[in-house]
Amino acid sequence: MVATAATSSIFPVTSPTPDSGGAGNKHGVGHVNLGGLKSKSASSGCLKAKAQAPSKINGSTVVTSVESLKHEDDLPSPPPRTFINQLPDWSMLLAAITTIFLAAEKQWMMLDWKPRRPDMLIDPFGIGKIVQDGLVFRENFSIRSYEIGADRTASIETVMNHLQETALNHVKSAGLLGDGFGSTPEMCKKNLIWVVTRMQVVVDRYPTWGDVVQVDTWVSASGKNGMRRDWVLRDCNTGETLTRASSVWVMMNKLTRRLSKIPEEVREEIGSYFVDSDPILEEDSRKLPKLDDNTADYIRTGLSPRWSDLDINQHVNNVKYIGWILESAPQPILESHELSAMTLEYRRECGRDSVLDSLTAVSGADIGNLAHSGHVECKHLLRLENGAEIVRGRTEWRPKPVNNFGIVNQVPAEST
């Protein structure tokens, strides 16, 4: 006891640690061996302390790779850097709002929207719009490369297709399109369809590839049981009038294929869209004569419709008749002149199994020198093989204008 007290007064004894379990004492310079016995706990504590102690070389502390890895494992790892966690908090909210807005807009565009007031008559799909107090429909078209011919201009069939498309979209935008080709819901209930009986067209200038044209169309009453539809086609950039057209339509029962009066239900349905105006073109009252094999100068036989020539009402599209009429037009006129005016009278429909003849007579020109003639007028007849008339027509032709290359109807030679 006395020895222990004396020794501790010179070398202070520290309190036992939990690692040593109280059996060994730690000193600043080593451990104490009591009675020559080596404490296992003290020894293991000493070894543990030595393992944890940093190494020293030339008095400098050196951290081993094991220790550095241990310290790195103890540090919390940062979250992975992504685009989302780098955005401000409000960006996620804005993205969510934008997504909801776009989804709602898409659903709205897909609705079968129908206008309720004339001042709201707008086509939500961007096809066209109704203007002038809801009575005139306006639509724009871009002339495509496949719609022009050898003259570098749109063909007469292209112009007529644009007029027909505008008429149908007019009915659709007004909310009157039924299950037929331009038929209203009441017409569909009674198996009625529209058929054209007369078409008159004047072309001041043909658009070319890349031009954007604007088509206006409206409807008026024609007699007691007819409807007149007029069109004006303009250049969108200059406002120049390019084409004017007027047509007369009547109703036909698609089951009996007979003409029909306009029922009162249909008249009430479409009457509010009629415009009280004169025709866009003064009617050509000249009688269209009937041609035959003796009076025709040119005849083309064996014309028959293809499946693609039929419309939704299972008869030949009206525009197709124009192409058949021009099949018998003399080649010198087609090469040196362009169609400036046309009047057609539709007398009978054509079925898918019909075989037709196209007849043309040239008046007011020397047939042997058509290429150098001025204005030329032609009379036409489209008939079935049995002689039944399909369409009578009259066309007027003017010399083609000189193109940008200073020549008429000739494509510049490819440079070598």
Side-chain angles (χ1 to χ4, degrees), residues 143 145-163 198-209 211 213 231-235 240-246 281-282 284 286-289 291 295-301 303 318-345 356-382 391-413:
I143 305 301
S145 61
Y146 51 81
E147 294 176 325
I148 65 174
D151 301 329
R152 302 173 182 268
T153 60
S155 63
I156 184 63
E157 289 93 338
T158 294
V159 174
M160 299 303 295
N161 279 326
H162 288 169
L163 301 186
R198 185 178 178 87
M199 177 75 69
Q200 189 173 343
V201 183
V202 173
V203 180
D204 298 320
R205 182 175 68 83
Y206 286 93
T208 187
W209 178 29
D211 288 349
V213 297
W231 295 270
V232 174
L233 187 147
R234 299 183 179 91
D235 188 305
E240 174 190 3
T241 298
L242 304 181
T243 302
R244 292 161 292 156
S246 184
L281 291 175
E282 184 179 353
D284 187 352
R286 293 178 295 173
K287 183 179 179 179
L288 295 174
L291 298 180
T295 58
D297 298 315
Y298 301 89
I299 300 177
R300 177 71 182 275
T301 61
L303 301 175
N318 301 323
V319 178
K320 184 60 183 178
Y321 293 135
I322 299 175
W324 283 338
I325 287 175
L326 299 182
E327 284 289 333
S328 60
Q331 190 69 23
I333 290 183
L334 299 178
E335 293 177 351
S336 59
H337 291 66
E338 66 179 8
L339 183 65
S340 59
M342 175 177 60
T343 301
L344 302 177
E345 288 183 357
L356 300 91
D357 299 333
S358 177
L359 291 77
T360 296
V362 181
S363 59
D366 182 6
I367 296 181
N369 194 24
L370 292 175
H372 298 88
S373 302
H375 285 72
V376 180
E377 181 179 292
C378 297
K379 299 178 180 63
H380 306 274
L381 175 66
L382 197 63
V391 179
R392 289 187 186 184
R394 178 189 296 110
T395 58
E396 297 178 15
W397 303 76
R398 59 171 174 254
K400 291 180 180 179
V402 178
N403 58 28
N404 295 333
F405 299 96
I407 52 180
V408 177
N409 191 41
Q410 183 176 343
V411 179

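Because only heavy atoms are used, hydrogens play no part in the values below, and waters and symmetry mates are left out as well, while side chains stay in. Only a predicted model underlies this, so the values are computations on that prediction, with no experimental measurement involved.
Smallest separation of non-hydrogen atoms from S340 and R398: CB-NH1, 3.0 Å. When all heavy atoms of V362 and Y298 are compared, the pair lying nearest together is CG2-CE1, 4.0 Å. Across all their heavy atoms, I333 and C378 have their closest contact at CD1-SG, 3.9 Å. L339 and Y206 make their closest contact through O-OH, 2.6 Å (heavy atoms, listed as atom of the first residue, atom of the second, distance). Residues E157 and V319 approach most closely at O-CG1, 3.8 Å, considering heavy atoms. Nearest heavy-atom pair across A245 and L163 is CB-CD1, 3.7 Å.
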- [ ] Go through Y321 and L382 one step at a time and tell me if the side chain to side chain contact (heavy atoms under 4.5 Å, CB included) criterion holds.
- [x] CA-CA 8 Å; Y321 293 135; L382 197 63; 3.7 Å; yes
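Distance check: M160 CE to L344 CG gives 7.0 Å after rounding to the nearest 0.5 Å. Rounding to the nearest 0.5 angstrom, the gap separating the CD1 atom in I143 from the OG1 atom in T208 is 8.5 Å. In this structure, OG in S246 is found 12.0 Å from CG in D284, a value given to the nearest 0.5 Å. Once rounded to the nearest 0.5 Å, the distance linking CG of L233 with OG1 of T243 reads 5.0 Å.
Within the 4.5 Å cutoff, the side chain of N318 has no heavy atoms near those of the M199 side chain. You'll find the side chain of H375 stays beyond 4.5 Å of the side chain of E396, heavy atoms only. Looking only at side-chain heavy atoms (C-beta outward), T360 and P330 come within less than 4.5 Å of each other. Proximity of T343 to R198: side-chain heavy atoms (C-beta onward) are separated by under 4.5 Å at one or more points.
Using modelled atom types and a 3.5 Å distance limit, the side chains of H380 and S328 yield no donor-acceptor pair.
A donor-acceptor pair under 3.5 Å is absent between the side-chain atoms of D151 and the main chain of T153, judged by distance alone. Side-chain atoms of K379 never come within 3.5 Å of backbone atoms of L288 as a donor-acceptor pair (strictly under, hydrogens ignored). The closest donor-acceptor contact from the side chain of R300 to the backbone of I325 lies at 3.5 Å or more, if one exists at all.
D235 is linked by a side chain to side chain contact (heavy atoms under 4.5 Å, CB included) to R205, N237, T238, E240, L242, counting only residues two or more places apart in sequence or in another chain. Under the rule for a side chain to side chain contact (heavy atoms under 4.5 Å, CB included), the partners of T158 that lie at least two apart in sequence or sit in another chain are E147, A154, S155, H162.
Paired with S358 under the rule side-chain contact (heavy atoms from CB on, under 4.5 Å), one option of L291, L303, I299 passes, and it is L303.
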